[in-house]
Amino acid sequence: MQGWIEVALRSFIGFVLLLAIARLLVRKPLGETSQLEFGLIASVAVILAIGSIQLTIPITYLLIALVIWAGGAISITLLSMKNATFRSAIYGKGIPIMKDGKILEDNMKKQHINTDELLRKLRAKQVFQVADVEFAVLEGNGELNVLVKKEQQPITSKMLHHQIPPIKEPETVIMDGKVLNEPLATRGLSQEWLKTELKKMDAIVENVFLAQIDEYGQLTIDLFDDILQVPQPTELPLLEASMKKVEADMEQFALDTEDVEAKQTYKWCAEQMKQVHQMVSPYTKS
């Protein structure tokens, strides 16, 4: 076999093997992998790369090395999922760096972290003042997780006792000018509904780069032509305005009529509409 053919064949097989091994490992961003995981993956890649061009190395030797390194990486992943002790020994445990607002200098020295690095890690978490930190822990992969003091935490709607609508995952229904039927079916909608909504926006499927249905059932689109202006969804603002108008009309009818019974009925209707408006308004206001 000619040399270039063997190199091409080895490279192709090595590429396929690397993809297969990567699929068996735990999915996580590269920045979240431990030094051991990164070293094992890099070793497998180096073995495959060298084996692709070093034709003097027998295929059998490459397969033995690959089985040992890849098998070791996969075994460590599986064992760490089933055994907490093994997982702690391989990946380590979180080490407190700050506790009760105080820096633990001894732990910093043990983990070889200097003050500049601590400040840099805090800034990466949008914390620029050490006094704002209640607790900080250094994870096994070197990431610093921070809990700021209560008074420095952002205010949430729960703290204010405000009702907010539940968040529902947006569904992408058009991508690159093509309709995606499965997300439409998930929302119980059809292509006819989609085309009707697009018609309201003076758009057609072929001109839409991306279209999504938000948690309220509104359709938002982005066109291939960035110069064209896309109208914003109006369903929720119109609903808000309609509820206010009905409430105002009921109050006006109550003022205009001389019939006592009718006046009481209109007032009752206005009060009911006001309550409905208060219940629905968190959903209609973006």
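Note that these values count all heavy atoms, side chains included, but never hydrogens, waters or copies made by symmetry.
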Please set out all donor-acceptor pairs under 3.5 angstrom arising from side-chain atoms of residues 169-195, sequence neighbours excluded.
unit_1, atom_1, unit_2, atom_2, d
Thr172, OG1, Gln212, NE2, 3.1
Asn181, OD1, Gln191, NE2, 2.7
Thr186, OG1, Glu182, O, 2.9
Arg187, NH1, Asp214, O, 2.9
Arg187, NH2, Glu169, O, 2.8
Arg187, NH2, Asp214, O, 3.4
Ser190, OG, Glu192, OE1, 3.4
Ser190, OG, Trp193, N, 3.3

Please tabulate, for side-chain N and O atoms in residues 103-120, each donor-acceptor pair with protein atoms closer than 3.5 Å (sequence neighbours left out).
unit_1, atom_1, unit_2, atom_2, d
Asn107, ND2, Pro96, O, 2.7
Asn114, OD1, Asp116, N, 3.3
Asn114, OD1, Glu117, N, 2.7

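The salt bridge (Lys or Arg N to Asp or Glu O under 4.0 Å) contacts involving residues 251-276 comprise nothing, where partners must be two or more places apart or lie in separate chains. Residues in residues 121-130 take part in these side chain to side chain donor-acceptor pair (under 3.5 Å) pairs, two or more places apart or across chains: Lys125-Glu143. Residue pairs meeting the salt bridge (Lys or Arg N to Asp or Glu O under 4.0 Å) criterion with at least one partner in residues 47-72, sequence neighbours excluded, are absent.
Residues Ala203 and Leu223 come closest through the heavy atom pair CB-CD2, 4.2 Å. Pairing each heavy atom of Ala254 with each of Thr257, the nearest pair is O-CG2, 3.7 Å. Closest approach of Ile221 and Ala211 over heavy atoms only: CG2-CB, 3.7 Å. A pairwise comparison of heavy atoms in Gln153 and Val148 identifies NE2-O, 3.1 Å as the closest pair. Closest heavy-atom contact between Val137 and Phe135: CB-CE2, 3.9 Å. Smallest separation of non-hydrogen atoms from Leu198 and Ile204: CD1-C, 4.2 Å.
Hydrophobic cluster membership is shared by Val46 and Leu63, with clusters built from Ile, Leu, Val, Met, Phe, Trp and Tyr side chains linked at under 4.5 angstrom. Taken together through direct or relayed side-chain contacts under 4.5 Å among Ile, Leu, Val, Met, Phe, Trp and Tyr, Ile64 and Leu62 form parts of separate hydrophobic clusters. By the rule that hydrophobic residues join a cluster once side-chain heavy atoms approach within less than 4.5 Å of another member, Leu219 and Val205 end up as members of one cluster. Criterion: ILVMFWY side-chain heavy atoms under 4.5 Å apart, direct or through other members. Under it, Leu9 and Leu48 are part of a common hydrophobic cluster. Connection of Trp69 to Leu18 is established within a shared hydrophobic cluster, with ILVMFWY side chains joined at heavy-atom distances below 4.5 Å, either directly or through further cluster members.
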Practice prompt. Give the C-alpha distance, both sets of side-chain angles, the deciding distance and a yes or no for side chain to side chain contact (heavy atoms under 4.5 Å, CB included) between Val208 and Asp222.
Written response: CA-CA 6 Å; Val208 178; Asp222 183 86; over 6 Å; no
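Under the 4.5 Å side-chain criterion, counting only non-hydrogen atoms from C-beta, Val44 is not in contact with Leu40. With a 4.5 Å cut-off on side-chain heavy atoms, Val133 and Leu147 do not count as touching. Residues Met273 and Val246 meet the side-chain proximity criterion, which asks for heavy atoms closer than 4.5 Å.
Enclosure of atom CZ in Phe224 by more than 12 non-hydrogen atoms of other residues, nucleotides or ligands within 6.0 angstrom is indicated. For Phe86, the CZ atom is densely surrounded, since the number of other residues' heavy atoms within 6.0 Å is greater than 12.
When atom types are taken as modelled, the side chain of Arg10 and the backbone of Ile53 share no donor-acceptor pair closer than 3.5 angstrom. Lys99 places no side-chain N or O within donor-acceptor distance of the main-chain N or O of Glu134, the cut-off being under 3.5 Å.
Contacts of Asn145 classified as side chain to side chain donor-acceptor pair (under 3.5 Å), with partners at least two apart in sequence or in another chain: Glu139.
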